[in-house]
Amino acid sequence: EAFNSCSGLEFKPDEVISMLGFTISANPVLTEWFQYNDNGAIEPVDSFFAVSRDTDCLKFKILTYNAGIYQIEYQQVLEL
């Protein structure tokens with residue numbers, strides 16, 4: 001879902017999580033960036049994610065993923 005403002009969004013802090021058999025410090029929301037296709041390969045979902053720090057907000061979307069290499073689209077969101 002596209003958005004033009006981070007106002008009203010709920011941001012969650014990083015925590016210790018298990019993902020793909022590993023225990024890591026990460027953000028649980030960002031573990032939802034992928035799905036498995038019919039062949040069992042990882043592919044990005046068609047969603048934007050928001051990250052913030054202090055008064056800055058950035059939205060991004062993972063476009064492609066191949067062998068640990070991500071292609072992303074990102075944009076600074078001016079209104080927090």
Side-chain angles (χ1 to χ4, degrees):
E1 175 181 325
F3 53 91
N4 296 318
S5 170
C6 289
S7 178
L9 294 180
E10 178 184 343
F11 291 94
K12 297 185 178 181
D14 288 359
E15 56 188 61
V16 176
I17 61 171
S18 294
M19 181 176 155
L20 301 174
F22 297 96
T23 300
I24 58 174
S25 176
N27 193 292
V29 174
L30 296 179
T31 63
E32 301 171 9
W33 71 266
F34 70 94
Q35 62 190 5
Y36 292 101
N37 66 18
D38 293 337
N39 297 323
I42 293 175
E43 63 182 20
V45 296
D46 187 23
S47 295
F48 280 93
F49 296 91
V51 293
S52 72
R53 179 177 166 183
D54 300 324
T55 59
D56 294 324
C57 182
L58 179 84
K59 71 178 182 179
F60 72 95
K61 179 179 186 177
I62 299 173
L63 302 174
T64 62
Y65 171 81
N66 187 13
I69 299 171
Y70 300 86
Q71 178 185 7
I72 64 170
E73 171 187 345
Y74 66 93
Q75 178 183 357
Q76 184 175 7
V77 179
L78 299 177
E79 183 184 337
L80 183 61

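In terms of modelled atom types and a separation under 3.5 Å, the side chain of N66 and the main chain of I69 share no donor-acceptor contact.
The OG atom of S47 sits 7.5 Å away from the NZ atom of K61 when rounded to the nearest 0.5 Å. The distance from the OG atom of S52 to the NZ atom of K59 is 15.0 Å, given to the nearest 0.5 Å.
Looking at every heavy atom in both residues, N27 comes nearest to K12 through ND2-O, 2.5 Å. The shortest heavy-atom contact between P28 and P13 is CD-O, 4.0 Å. Residue T23 comes nearest to S18 through the heavy atom pair OG1-OG, 3.6 Å, listed as atom of the first residue, atom of the second, then distance. Closest of all the heavy-atom pairs between E32 and V45 is O-CG2, 3.4 Å. Of all non-hydrogen atoms in N37 and E43, the two that sit nearest each other are CB-OE1, 3.4 Å. Taking both residues in full, the closest heavy atoms of Y65 and I42 are given as CD2-CG2, 4.1 Å, listed atom of the first, atom of the second, then distance.
Side-chain contact between I62 and Q71: absent, with no pair of heavy atoms (C-beta onward) separated by less than 4.5 Å. Contact of the Y70 side chain with the P44 side chain is not registered, since no non-hydrogen atoms from C-beta on lie closer than 4.5 Å. Annotation: side chain of T31 is in contact with side chain of I17 (closest heavy-atom distance under 4.5 Å). Taking 4.5 Å as the limit, some side-chain heavy atom of F60 sits within range of a side-chain heavy atom of V51.
A single hydrophobic cluster is seen to contain both L58 and W33, as judged by linkage of ILVMFWY side chains at heavy-atom distances under 4.5 Å, directly or through other members. When hydrophobic clusters are built by joining Ile, Leu, Val, Met, Phe, Trp and Tyr residues whose side-chain heavy atoms come closer than 4.5 Å, directly or via intermediates, L30 is not grouped with V16. Clustering ILVMFWY residues whenever any of their side-chain heavy atoms sit less than 4.5 angstrom apart, transitively, puts L63 in a cluster other than the one holding Y74.
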